[in-house]
Amino acid sequence: MSKCVLITGATSGFGLAAAEKFAQEGWSIIITGRREERLKQLAQTLSSMTSVHYYALDVRNKEAIDTMIEGLPESFKNINVLINNAGLALGRSSALESDLADWQTMIDTNITGLTNMTHALLPTLTQQKSTTVINLASVAAHYPYPGSHVYGASKAFVAQFSKSLRCDLSKHGVRVTSLEPGLAESEFSLVRFKGDQSTADTIYEDTTPLQPKDLADIMYWIATQPAHININSIEVMPLVQTWNPLHIEKH
Ligand code: NDP
Ligand code: 8X3
């Protein structure tokens with residue numbers, strides 16, 4: 001029987017590329033996200049390669065997650081890999097000019113959504129031999145920048161939660177990885193700048209950012225390591241991205 005991966009946020013970017021990669025490699029895939037039409041189209045495309053199950057849900061909705069899991073067709077019940085990829089940044093202005101509702105949405109999605117899905121799948125993951133959780137954190141988890149406030153903090157949660165989970169899950173054969181990318185071209189910036197395409201485009205202008213396929217290849221590599229290996233974390237940037245000196249405010 002083929003192995004099965006569940007991917008959150010598979011309607012675009014890293015999640016969509018991961019669905020393509022695992023499908024090409026013959027895994028059964030469960031794809032989720034809020035935009036049902038996109039899931040349906042992706043499922044149609046990938047079903048020529050492998051078995052695909054799609055389910056539209058918002059990771060913030062714990063009941064929807066439970067319903068999805070309860071209703072999984074028999075052949076998709078034994079999930080081997082969970083990719084907690086759904087997430088977003090909203091805004092990049094200073095904390096002083098930020099919208100509290102945006103902060104709450106990031107907390108609800110990046111933290112509560114990720115923990116909702118993880119908690120719901122722990123029984124499944126621990127029932128089987130050698131399973132893997134891949135959590136999408138970010139370089140923003142470790143390196144603050146102006147305007148990163150709640151987004152960066154939410155990803156710091158993901159990075160630390162991943163390590164903490166390891167302590168409890170290793171005896172059950174569950175591996176956990178925090179994947180921490182830098183600049184990558186996807187719908188991420190369009191979402192962050194609330195549909196402002198030209199501002200989103202300036203982020204990637206004159207750079208060679210990471211591409212979703214790069215991250216999908218890394219996810220697949222993590223998931224297919226020998227059972228005794230746990231990749232704790234991977235921080236990956238495009239060549240063009242490095243660090244600034246620490247800022248000193250002059251007065
Ligand atoms: P995209 O915006 O292209 O994709 C984000 C995905 O998350 C979409 O499929 C979206 O689906 C899904 N999503 C967002 N909110 C929810 C929700 N409430 N419930 C369910 N699904 C949701 O961005 P990326 O592919 O770039 O981002 C993927 C992950 O990687 C995110 O966690 C992001 O923070 C992280 N990341 C991104 C980096 C980048 O530079 N691009 C760098 C480092 C980390 P839908 O809207 O259909 O629900
Ligand atoms: C996305 C990368 O640098 O925009 O997590 O925060 S960054």
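In listed order, ligands and their atoms are each counted from 1. Residue indices begin at 1 and follow the sequence shown. What you are looking at is a predicted structure, and each value in this text was computed from that prediction instead of being measured.
By the 3.5 Å distance cut-off applied to N or O atoms, V191 is not counted among the residues near ligand 1. Geometrically, ligand 1 and N85 share a nitrogen or oxygen pair separated by less than 3.5 Å. At least one N/O-N/O distance between R35 and ligand 1 falls below 3.5 Å. Between E185 and ligand 1, a contact under 3.5 Å exists for no N or O pair. Ligand 1 has a nitrogen or oxygen under 3.5 angstrom from a nitrogen or oxygen of F14. Ligand 1 has no nitrogen or oxygen under 3.5 angstrom from a nitrogen or oxygen of L136.
Atom 21 (N) of ligand 1 has its closest protein heavy atom at A86 CB, 3.5 Å. In this structure, atom 11 (O) of ligand 1 lies nearest to the protein heavy atom T11 OG1, 2.8 Å. Atom 26 (O) of ligand 1 has as its closest protein heavy atom S186 OG, 2.6 Å. Among protein heavy atoms, the minimum distance from atom 46 (O) of ligand 1 is reached at R34 NH2, 3.0 Å. The shortest contact between atom 12 (C) of ligand 1 and any protein heavy atom is with G9 CA, 3.5 Å. The protein non-hydrogen atom at the shortest distance from atom 18 (N) of ligand 1 is D58 OD1, 2.9 Å. With hydrogens left out, the protein atom closest to atom 43 (C) of ligand 1 is P181 O, 3.2 Å, a heavy atom. Closest protein heavy atom to atom 3 (O) of ligand 1: S12 OG, 2.6 Å.
The aromatic ring centroids of F188 and Y151 lie less than 6.0 Å from each other.
In this structure, A10 counts as a contact residue of ligand 1, since one of its heavy atoms falls inside 4.0 Å of the ligand. Under the 4.0 angstrom criterion for non-hydrogen atoms, A137 is in contact with ligand 1. Contact between G182 and ligand 1 is present, with at least one heavy atom of the residue lying under 4.0 Å from the ligand. Residue contacts with ligand 1 include L57, since one or more of its heavy atoms lies under 4.0 Å from the ligand. Ligand 1 has no atom lying under 4.0 Å from any heavy atom of E180.
The other members of the hydrophobic cluster of W243, by chain and number, are V139, Y143, M237 (side-chain heavy atoms under 4.5 Å, ILVMFWY only).
Applying the 6.0 Å contact sphere to CD1 of I229 captures more than 12 heavy atoms from other residues, nucleotides or ligands. Enclosure of atom NZ in K194 by more than 12 non-hydrogen atoms of other residues, nucleotides or ligands within 6.0 angstrom is indicated. A 6.0 Å sphere centred on CD of E97 holds more than 12 heavy atoms belonging to other residues, nucleotides or ligands. Heavy atoms of other residues, nucleotides or ligands lying less than 6.0 angstrom from NZ of K163 number 12 at most. Counting heavy-atom neighbours within 6.0 Å of E187 CD, excluding the residue itself, gives a total above 12. The number of heavy-atom neighbours closer than 6.0 Å to NE2 of H119, taken from other residues, nucleotides and ligands shown, is 12 or below.
For ligand 1, the atoms lying closer than 4.0 Å to a non-hydrogen atom of G13 are 3 (O), 25 (O). Those atoms of ligand 1 with a heavy atom of R60 less than 4.0 angstrom away are 18 (N). Remark: ligand 1 atoms within the under-4.0 Å shell around heavy atoms of Y151 are 33 (C), 34 (O), 35 (C), 36 (N), 44 (C).
The 4.0 Å heavy-atom shell around ligand 2 contains residues S138, A140, Y145, Y151, F188, R192, ordered by chain and number.
Residues T124 and K77 fail the side-chain proximity criterion, which asks for heavy atoms closer than 4.5 Å.
Across the listed options A184, G87, P212, A184 owns the non-hydrogen atom lying nearest to atom 41 (N) of ligand 1.
Ring pair F22/Y220 is perpendicular by interplanar angle, where above 60° counts as perpendicular and below 30° as parallel.
Proximity of T109 to ligand 1, defined as any heavy-atom pair under 4.0 Å, is confined to the side chain (atoms from C-beta onward).
Panel note: side chain N135, backbone V158; no donor-acceptor pair is recorded below 3.5 Å.
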